[in-house]
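Notes follow the structure.
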Amino acid sequence: MAKLVVEVHDACDLMPKDGHGSASPFVEVHFDEQRQRTQTKPRELNPIWNEKFSFNVNNPRDLPSKTIEVVVYNDRKGGHHKNFLGHVRISGNSVPLLSDSEAIDLQRYPLEKRGLFSHIKGDIALKIYAVHDGNHYPPPPTNAGNFETEATPAFQEINTNKLQAEDAIGDHEKKNKKKRKDKEVRTFHSIGTATGGPAAAAPPLVSSGFGFETHVMKEKAPTVETRTDFARAGPPTAMHMHMPKQNPEFLLVETSPPVAARMRYRGGDKMACAYDLVEQMRYLYVSVVKAKDLPAMDVSGSLDPYVEVKLGNYKGKTKYLEKNQSPVWKQNFAFSKDRLQSNLLEVTVKDKDFVTKDDFVGRVFFDLSEVPLRVPPDSPLAPQWYRLEDKRRIKTRGEIMLAVWMGTQADESFPEAWHSDAHDISHTNLANTRSKVYFSPKLYYLRVQIIEAQDLIPSDKGRMLEVSVKVQLGNQGRVTRSLQTRTINPIWNDELMFVASEPFEDFIIVSVEDRIGPGKDEILGRVILSVRDIPERLETHKFPDPRWFNLFKPSLAQEEGEKKKEKFSSKILLRLCLDAGYHVLDEATHFSSDLQPSSKHLRKPSIGILELGILSARNLLPMKGKDGRTTDAYCAAKYGNKWVRTRTILNTLNPRWNEQYTWEVYDPCTVITLGVFDNCHINGSKDDSRDQRIGKVRIRLSTLETHRIYTHYYPLLVLTPSGLRKHGELHLALRFTCTAWVNMVTQYGKPLLPKMHYVQPISVKHIDWLRHQAMQIVAARLSRAEPPLRREVVEYMVDVDYHMWSLRRSKANFLRIMSLLSGITAACKWPRHPPHMDTRLSQADNAHPDELDEEFDSFPASRPSDIVRMRYDRLRSVAGRVQTVVGDLASQGERAQALLSWRDPRATAIFILFSLIWAVFIYVTPFQVVAVLVGLYLLRHPRFRSKMPAVPVNFFKRLPSKTDILL
């Protein structure tokens, strides 16, 4: 009999229910009219049970239609009375099938409400799986990969010696297996073959998702058959596609937060001018500037002063300054008004003592009811001098300059202030919790053309040269093709491209090398050039003139002044330029946030403003459960070259940031990306520790209506090896304001990328390599900021591995195309000649020997493992490109659908207006005139043709597709 196993591990951040700020929780598990419960954990909001329950499953095939319900209760009186603390419903369709020896990851589920007025929070950690006599049991026939397949075996691999009538092998036949090697049949099963009896014990299906299923073969002989044995095919497989329905848990949730912009606030609070997309949060600010005339506390006649700012249980400290009686701190403190625990603020000056208790110097008190209110754009509050009194309030022990006021998060002191929720963070790690704005470095494409070299001096003049040129720029290295020649004047005419960044601190190292043995090269000459001396190229048709450079030995090349000049030196002819007319891609083109050229002289004026309010998050995944904490979350956003990072809210699953940021918009067909991360650098963590990703959100600006305020909860979805997981929800407020309507409308007729990308395009292979180098430069530069925006954050935001092969993405692209082609019948093309074997179409005339060896290899493969691994990596590389092409085909159809669905309202309005004008023109103009005009345009002289894409092509490419909403 099959068993369903439910392991209840722990719960976190439960709702207090006993009236004393706590609860006594226990868990009940319900399945198929069976119920079991855990022990009660008295007065514990973060209980740990570690209990395992087993339920009987009468019919394993009915498990996907069952539901497992896990309910958390508060035990009020020994189990006779209980309060509801939340529940979780898990569909049996998501329960994995495994044996007891297999491992399964612990999954956390947010507790859900039972009714509209339930007050529930927290989550529970569970392990749920099914076992069947220690083995897998076959699942019911379902639509694998969103297809239904009705078929008998798709094809059979048959031993040519003898055919066998039946495939199933009974127990008696297995005993005599060795005696019947000549009667073997190996069958590749498809869906529906395992219907009972011995065949029902077949291994489980491994779905590819395209309607064809791969099975583990039942081998009956250790023989090796070639692919010529695939001689007999079964009946054709019928496929019916079903588009998957979106899980309601993964949809957007529209909200109505009390923000000034949505409430249509007018006048009164000045914060509504700049911070109208976030909820107003009040803070008590304390600015500690400096002190003077402090008394001597040490034997040396001085003191090591620091300031302690205390409000209730919250206590913040400045840095201590050694032997200074007139210290200057200039440090700000912020206490959230929602968490004020006292009406009296105490500011104390103390003397740091490394041996005994710190000495008291003096203090001053402030009554919060008398603290003034200050809201920008009011000028900053002027600090004042206050006398420091001793504990008896008799003597004056110096003076301290302070400013105390009530403000909001719009205050300019907010980003740099010490916050009360970070009271247990050291000064060293405090910087890692602050909000910051970053800017990516300005990037350029560096073009290096190696033309020729003259008068090379090899060590062995009687040997044939095998020379190449290696160019190094920072961490980027490229090599030209290798030339075998007997002359000392080789000619390459090779062109290499690199990514350079301002302020151009790197040097270009050009080395001419001669291969003198396997893995051994001799440097014939080297030249070192500064990137700052390379000219910029703005025009598309004009290259700078090439220049001759002297090649020196490596020792002389390091001497910048070349004091020891040689009488004779080899030379190399190079053409170098910084192509400022390109846009350096540092993220995938499908969801790029910036399309401007590198040169500021070629950039267009902005067309609008994007305002983003990062309000809060809820039900985040506890990332530090093992450390006794929950999550230290911060949010990062990228648009264009501007990155922002909110402050880190410590130890909570429901952080509230309420921070607002603004970007200039130059193109409406761009995407803003936001990510939520867990900060792993707040408690002196090692530098190699990585901030953990919680989830990511992308929003395409062209799908937003101008001047409209969008407030939604966006699900934070992360794809893990164990499946798709929802790690919480991010609350955002968004507004796109257009400041130049004419420029924005004309953008729809312009190319996405600058002109140079079309006049002198860069190959896709080089673009991918250059994009990777650009991402590396951006990540390295931002990781050196304070606080650093770490490499793992940058890589996750720009999708550094998006181009890699993924069966899941290929299935998604396939379904996108099928959804477009459904209902469309393809027209048959009448052949003009009898069909024949086309060698060019078959790619048979230029096939590589390794490809032919792979094609004629046996099945299973008989080649060594390293060759199979190499071929698999090659397959992944090629499949990744095929996956990209399939996605591009789907994008074209989705752009056409976007015109009808008003996904980009401005583009649809332009299309309707143009169609109306064109219809009127066709109506009033004879057809013959239209045909003549169209023919003259299509047959115009090449001199009048431009390399730039036509306006309709530009308009079509700017229409939104579903690429940016794919995981």
Side-chain angles (χ1 to χ4, degrees), residues 440-449 495-502 534-545 575-608 639-641 664-671 701-702 740 742-771 773-774 888 891-892 895 906-907 910 937-938 940-960:
S440 301
K442 185 182 292 187
L443 303 177
Y444 294 81
Y445 284 142
L446 171 64
R447 189 185 299 267
V448 180
Q449 185 177 3
E495 192 173 76
L496 307 177
M497 295 197 71
F498 302 85
V499 179
S501 63
E502 290 186 347
I534 306 302
E536 288 189 10
R537 182 172 75 106
L538 300 179
E539 300 180 9
T540 58
H541 60 277
K542 185 177 180 181
F543 280 97
D545 297 329
R575 178 184 279 119
L576 303 100
C577 63
L578 288 169
D579 283 332
Y582 289 98
H583 167 68
V584 180
L585 296 167
D586 59 348
E587 52 192 343
T589 315
H590 303 296
F591 30 82
S592 180
S593 61
D594 184 19
L595 303 169
Q596 293 281 84
S598 301
S599 175
K600 63 180 180 181
H601 303 291
L602 301 177
R603 297 188 174 185
K604 306 299 181 182
S606 64
I607 62 168
Y639 183 76
N641 65 336
E664 284 189 323
V665 178
Y666 296 89
D667 196 313
C669 303
T670 46
V671 176
L701 269 62
S702 62
V742 175
N743 292 341
M744 184 180 67
V745 172
T746 56
Q747 282 284 353
Y748 282 91
K750 296 180 180 179
L752 277 172
L753 295 172
K755 180 180 180 181
M756 197 170 286
H757 283 270
Y758 304 95
V759 178
Q760 295 173 0
I762 305 173
S763 64
V764 176
K765 180 180 178 181
H766 289 101
I767 280 289
D768 290 339
W769 186 84
L770 292 171
R771 180 189 294 117
Q773 298 301 327
D888 291 341
S891 298
Q892 309 312 318
R895 291 188 175 112
R906 288 171 294 275
I910 294 172
Y937 176 77
L938 296 177
R940 68 191 184 280
H941 193 274
R943 180 180 298 176
F944 302 104
R945 299 181 184 180
S946 173
K947 293 184 178 180
M948 302 296 292
V951 173
V953 176
N954 297 331
F955 177 82
F956 185 76
K957 287 186 176 181
R958 286 179 172 274
L959 295 173

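All values below were derived from every heavy atom in this structure, side-chain atoms included, with hydrogens, water molecules and symmetry-related copies excluded.
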With side-chain contact (heavy atoms from CB on, under 4.5 Å) as the test, pick out the partner of Lys957 among Asn954, Leu959, Val953.
Val953
Answer yes or no: does atom NZ of Lys604 have more than 12 heavy-atom neighbours from other residues, nucleotides or ligands under 6.0 Å?
no
Quick check on Lys750: does its NZ atom have over 12 non-hydrogen neighbours (other residues, nucleotides or ligands) under 6.0 Å away?
yes
Report yes or no: does [X] contribute a side-chain atom to a donor-acceptor pair with the main-chain N or O of [Y] at less than 3.5 Å?
{"X": "Arg575", "Y": "Val448", "answer": "no"}
{"X": "Ser606", "Y": "Gly608", "answer": "no"}
{"X": "Gln773", "Y": "Phe498", "answer": "no"}
{"X": "Arg958", "Y": "Pro751", "answer": "yes"}
{"X": "Ser598", "Y": "Leu443", "answer": "yes"}
{"X": "Gln747", "Y": "Asn743", "answer": "no"}

Tyr748 vs Phe955 aromatic rings, parallel, tilted or perpendicular, using cut-offs 30° and 60°?
tilted
Among side-chain atoms of Glu502 and Tyr444, is any donor-acceptor pair under 3.5 angstrom?
yes
Check: [Y] and [X] side chains under 4.5 Å, non-hydrogen atoms:
{"X": "Leu753", "Y": "Tyr758", "value": "yes"}
{"X": "Asp579", "Y": "Gln760", "value": "no"}
{"X": "Met756", "Y": "Tyr445", "value": "no"}
{"X": "Asp586", "Y": "Val584", "value": "no"}
{"X": "Arg537", "Y": "Lys542", "value": "no"}
{"X": "Arg906", "Y": "Met744", "value": "yes"}

Looking at [X] and [Y], what are the two nearest heavy atoms and their distance?
{"X": "Ala580", "Y": "Leu538", "result": "CB-CD2, 3.6 Å"}
{"X": "Ser702", "Y": "Cys669", "result": "CB-CA, 4.4 Å"}
{"X": "Leu701", "Y": "Pro668", "result": "CB-O, 3.4 Å"}
{"X": "Asp768", "Y": "Arg771", "result": "OD1-NH1, 3.0 Å"}
{"X": "Tyr639", "Y": "Val671", "result": "CD1-O, 3.6 Å"}

Give, for atom [atom1] of [X] and atom [atom2] of [Y], the distance between the pair rounded to the nearest 0.5 Å.
{"X": "Tyr666", "Y": "Ser593", "atom1": "OH", "atom2": "OG", "value": "12.5 Å"}
{"X": "Asp594", "Y": "Thr670", "atom1": "CG", "atom2": "OG1", "value": "8.5 Å"}
{"X": "Ile534", "Y": "Leu576", "atom1": "CD1", "atom2": "CG", "value": "4.5 Å"}
{"X": "Asp545", "Y": "Cys577", "atom1": "CG", "atom2": "SG", "value": "11.5 Å"}
{"X": "Ile762", "Y": "Glu495", "atom1": "CD1", "atom2": "CD", "value": "9.0 Å"}

Report the C-alpha separation of Arg447 and Phe543 in whole Å, then their side-chain angles, then the decisive distance to 0.1 Å, and conclude whether the side chain to side chain contact (heavy atoms under 4.5 Å, CB included) test is met.
CA-CA 10 Å; Arg447 189 185 299 267; Phe543 280 97; 3.7 Å; yes
